[in-house]
Protein chains: 2
Amino acid sequence: MNLPAAKRRRATGRVTLNDVALAAGVSPITVSRALRGERAVDPELVARVREAADKLGYMPDPAARALASRHSTHVAVLIPLLSNALFVDLLEAVQRTLRPAGYQVLIGVTHYDEAEEEQLLREQLLHRPAGVLVTGLERRAGTRALIASSGVPCVHLMETAQAPGLHCVGFSQHAAGMAMTRHLLGRGRRRIAFAAAQLDARTLQRLAGWRDALTEAGLYEPTLEWLNPAPSSIALGGRMFEQIIGQRPAVDAIFFCNDDLAQGALLAALRLGVKVPEQVAVAGFNDLTGSDQMLPPLTSVRTPRGEIGEAAAAMLLALMRGQPVARPAIDLGFTLVPRSST
Amino acid sequence: MNLPAAKRRRATGRVTLNDVALAAGVSPITVSRALRGERAVDPELVARVREAADKLGYMPDPAARALASRHSTHVAVLIPLLSNALFVDLLEAVQRTLRPAGYQVLIGVTHYDEAEEEQLLREQLLHRPAGVLVTGLERRAGTRALIASSGVPCVHLMETAQAPGLHCVGFSQHAAGMAMTRHLLGRGRRRIAFAAAQLDARTLQRLAGWRDALTEAGLYEPTLEWLNPAPSSIALGGRMFEQIIGQRPAVDAIFFCNDDLAQGALLAALRLGVKVPEQVAVAGFNDLTGSDQMLPPLTSVRTPRGEIGEAAAAMLLALMRGQPVARPAIDLGFTLVPRSST
DNA sequence: CTGAAAGCGCTTACAG
DNA sequence: CTGAAAGCGCTTACAG
């Protein structure tokens, strides 16, 4: 190895494609192709290259690869919050599916802020991600344009709709809102309040489902809506419960848009001595951890976020590989979980 | 713009450093230096370059930058779980500090598995991160060697210790364990059980703190330790509470290693009709969301994870910039939060 | 303070 | 099926 000094000047000590090529006695480009399993390379050469690569401990440099191919192995994932267990479950499932396929997940937390989402996406796109996963279907026109013009494959999480070129995995938030409301109606409740925080797009779809179910039953009344734009939390659920019970004692059921609110409500009921479900039924959404441990156990809707994360990641994988996608819009449904709180 | 075809062949349409250089009438290298604020560049030139870059909407390519400089703008962060709010708070603080400085966070979830941690780090290191953040001080020798030989600056989260070359931000888990135990002793408790799940390094340090405080008081007894390697959860806390109360009715206080367990215990107590704190006091750790809403509100230890995330990220920032670090080991303390459960 | 040259480690696009 | 050439878009190291 008598390379001229100039050749060694910036040597990083890293094992490169070239080293493998020399060891295997082929050209670098053949190593590249053999290792990526691209095109037809003589199986015997592939074996020789593999062996040399293993022996030298060769690992491709993602930066060089990204620069040359104009695609990194990053996948950008944009979620509203990390403090909602829902999105953590989603993320874990995405990571579980994408990592073994050789992709790195870049997480962006939008805090339910459309401007922040656009800014994050703009930054992520600089890294030439191989794919993008975003939460929900609604966003700024600028953000949508950014995605479209980037040409990067994109799958939408948590909601589902049919539209040309749209890829999404989720379930009908509206139908889930209706289902829970009908469950409460089925238990004989007549004054069913809807209590929500955050008021993001999906919460509003559940609200619409509740509204439609009550209207259908001839029991809809605008004053039964309790909407609070503040972030969802156990403490807020307690306050909302006190408020509703205090101002509308005739309410006989409260459908909270998320389990943390409902859990807070159950704790407040215990504190206040309000009997659940005798005096008022309490229902939640998402079936978060702890809901089955509450007193009484909380009726909720189990949402398939793990499955959504996996299916969306699998769909993105196909898109990134240029493979055909059988169903571009997947509805994974939901499960009503009746417990003693209703 | 009459470039020969060959010049345009692989044009990406992206605005490059070269485009800015042409527009500003300087060499590309001067643009590079001006934009990075490196060395002394004529202020007038800097202004001209900035203007040209803004006008063209130039954004540097991270892959090209990483390849040439051998450092990406990624920071790898290794945490045990995303399903513990503690680490989510940590992560949010890290992101909040690192993103404005131009760094992207790559999250690795180790699931409390040392082999997985090593594997994740190995993958992350391929991306030539500018820095690494890891949770805790204990890990495999191989993982430590990987960090050391990479030469990438590394800061340790959640624990603190003095050692040459070691950078860490945290607090004394042992002292916190002692403090809570002494609080219980101060409330007249004499048979104080310690109930833990997961059994990671930090949990065991709290256990040691509990043990030392009880030994000091002449009240230590091995059978008061309830250690379960299963993942921590509200449901598990309920089961452990039932078990302890069932098998050792004389226990007059239980110190749970994490708030989720303690919350589950409080719910189980309600279910079983066990009076808290009259019959048995219940304490938790980390002061997680909802603990102040429990019935009775849960006594806990507030841990400064937000501050830890910020301080660690700031320290890493200094290391990545080659700046001196005043204090390589920062102890941010903790706060005992007494509530009605003890 | 500024620049021309070389190179980071890969892949694309073209030949054969 | 295999390869030589060129290039991806930056920064390093050396001069001046």
Side-chain angles (χ1 to χ4, degrees), chain A residues 3-22 24-49 53 56-73 102 126-128 130, chain B residues 3-22 24-49 53 56 58-73 102 126-128 130 322:
Chain A
L3 294 169
K7 269 280 176 204
R8 303 208 127 261
R9 211 182 343 160
R10 288 175 64 199
T12 54
R14 189 166 185 142
V15 178
T16 71
L17 199 70
N18 214 39
D19 298 330
V20 179
L22 261 90
V26 296
S27 75
I29 188 62
T30 298
V31 175
S32 170
R33 289 202 276 250
L35 258 26
R36 275 178 302 140
E38 192 223 283
R39 288 213 279 180
V41 178
D42 187 327
E44 199 216 318
L45 280 192
V46 173
R48 226 159 74 204
V49 167
L56 296 175
Y58 170 70
M59 300 298 272
D61 184 320
R65 186 171 260 185
L67 186 57
S69 72
R70 307 210 288 285
H71 282 300
S72 71
T73 54
L126 289 178
H127 289 264
R128 313 174 190 258
Chain B
L3 294 169
K7 269 280 178 203
R8 301 207 129 263
R9 211 181 343 157
R10 289 175 64 198
T12 54
R14 190 166 184 142
V15 178
T16 70
L17 199 71
N18 212 38
D19 298 330
V20 179
L22 261 93
V26 295
S27 74
I29 189 62
T30 298
V31 175
S32 170
R33 291 202 275 249
L35 258 27
R36 275 177 303 140
E38 192 223 282
R39 287 214 279 180
V41 178
D42 187 328
E44 198 215 319
L45 279 192
V46 173
R48 224 159 77 202
V49 167
L56 296 175
Y58 170 70
M59 301 298 272
D61 183 320
R65 187 169 260 186
L67 186 58
S69 72
R70 308 211 286 285
H71 282 300
S72 73
T73 55
L126 289 179
H127 289 265
R128 310 173 191 257

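Please read these numbers as outputs of a predicted model, since none were measured by experiment. Order of the sequence lines fixes the chain letters, A, B, ..., with proteins taken first and strands second; residue numbering starts at 1 for each chain.
- Considering only side-chain atoms of B:Ser27, the nucleotide from D:dC10, C:dG3, C:dC10 that sits closest is C:dG3.
- One atom, CG of B:Leu67, and another, P of C:dA6, lie 18 Å apart when rounded to the nearest Å.
- When all heavy atoms of B:Ala63 and A:Leu67 are compared, the closest pair comes out as CB-N, 4.0 Å.
- Residue-level contact check: B:Pro60 touches the backbone only, with heavy atoms under 4.0 Å from sugar-phosphate atoms and none from bases.
- Whole-Å rounding puts the A:Asn18 CG to D:dA4 P distance at 11 Å.
- Here the C1' atom of nucleotide C:dG9 and the NE2 atom of B:His71 are 16 Å apart, to the nearest Å.
- Qualifying side-chain contact (heavy atoms from CB on, under 4.5 Å) partners for A:Val26, counting only residues two or more places apart in sequence or in other chains: A:Ala24, A:Thr30, A:Val31, A:Leu45, A:Arg48, A:Val49.
- The residue among A:Leu17 and B:Thr30 whose nearest nucleotide of DNA chain C lies closer to the 5′ end is B:Thr30.
- In this structure, the nucleotide among C:dC10, C:dT2, D:dG3 sitting nearest to the side chain of B:Asp42 is C:dT2.
- Atom CZ of A:Arg65 and atom P of D:dC8 are 19 Å apart (whole Å).
- Look at A:Ser32 and you'll find a side-chain N or O under 4.0 angstrom from OP1 or OP2 of C:dT11.
- Annotation for B:Tyr58 and B:Val15: closest pair CD1-O, 3.3 Å, computed over non-hydrogen atoms.
- With pairs defined as Watson-Crick or G-U wobble and both atom distances under 3.5 Å, the stems of at least three pairs that touch DNA chain C come out as C:1-3 with D:14-16, C:5-12 with D:5-12, C:14-16 with D:1-3.
- Judged by distance alone with a 3.5 Å cut-off, a donor-acceptor contact links the side chain of A:Arg33 to the base of D:dG3.
- Residue B:Ala63 is the one, among B:Ala63 and B:Ile29, whose nearest nucleotide of DNA chain D lies closer to the 5' end (criterion: closest heavy atom).
- Rounding to whole angstrom units, CZ of residue B:Arg70 and P of C:dG9 are separated by 7 Å.
- Atom-to-atom, CG of A:Leu35 to P of C:dC10 comes out at 10 Å; the value is rounded to the nearest Å.
- Residues satisfying the side chain to side chain donor-acceptor pair (under 3.5 Å) criterion with B:Ser72, sequence neighbours excluded, are absent altogether.
- OP1 or OP2 of D:dG9 has not a single side-chain nitrogen or oxygen of B:Thr16 nearer than 4.0 Å.
- Among the nucleotides C:dT12, D:dG9, D:dT2, the one closest to the side chain of A:Arg36 is C:dT12.
- When the C1' atom of C:dG9 is taken as reference, atom NE2 of B:His127 falls 14 Å away, rounded to whole Å.
- OP1 or OP2 of D:dG7 has not a single side-chain nitrogen or oxygen of B:Arg14 nearer than 4.0 Å.
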Take A:Val20 and A:Leu17, measure what side chain to side chain contact (heavy atoms under 4.5 Å, CB included) needs, and give me the verdict at the end.
CA-CA 5 Å; A:Val20 179; A:Leu17 199 70; 5.7 Å; no
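- A:Arg65 meets the salt bridge (charged side-chain N to carboxylate O under 4.0 Å, His left out) test with no other residue; sequence neighbours excluded.
- Per the geometry, CG belonging to A:Leu22 stands 15 Å off C1' belonging to D:dG3, to the nearest Å.
- Here the closest heavy-atom approach between residue A:Ala34 and residue A:Val41 is recorded as N-CG2, 4.2 Å.
- Remark: A:Leu126 engages B:Arg14, B:Met59, B:Pro62 in a side-chain contact (heavy atoms from CB on, under 4.5 Å) (not counting sequence neighbours).
- The side chain of A:Val41 approaches D:dT2 more closely than any other nucleotide in the set D:dC8, D:dT2, C:dA4.
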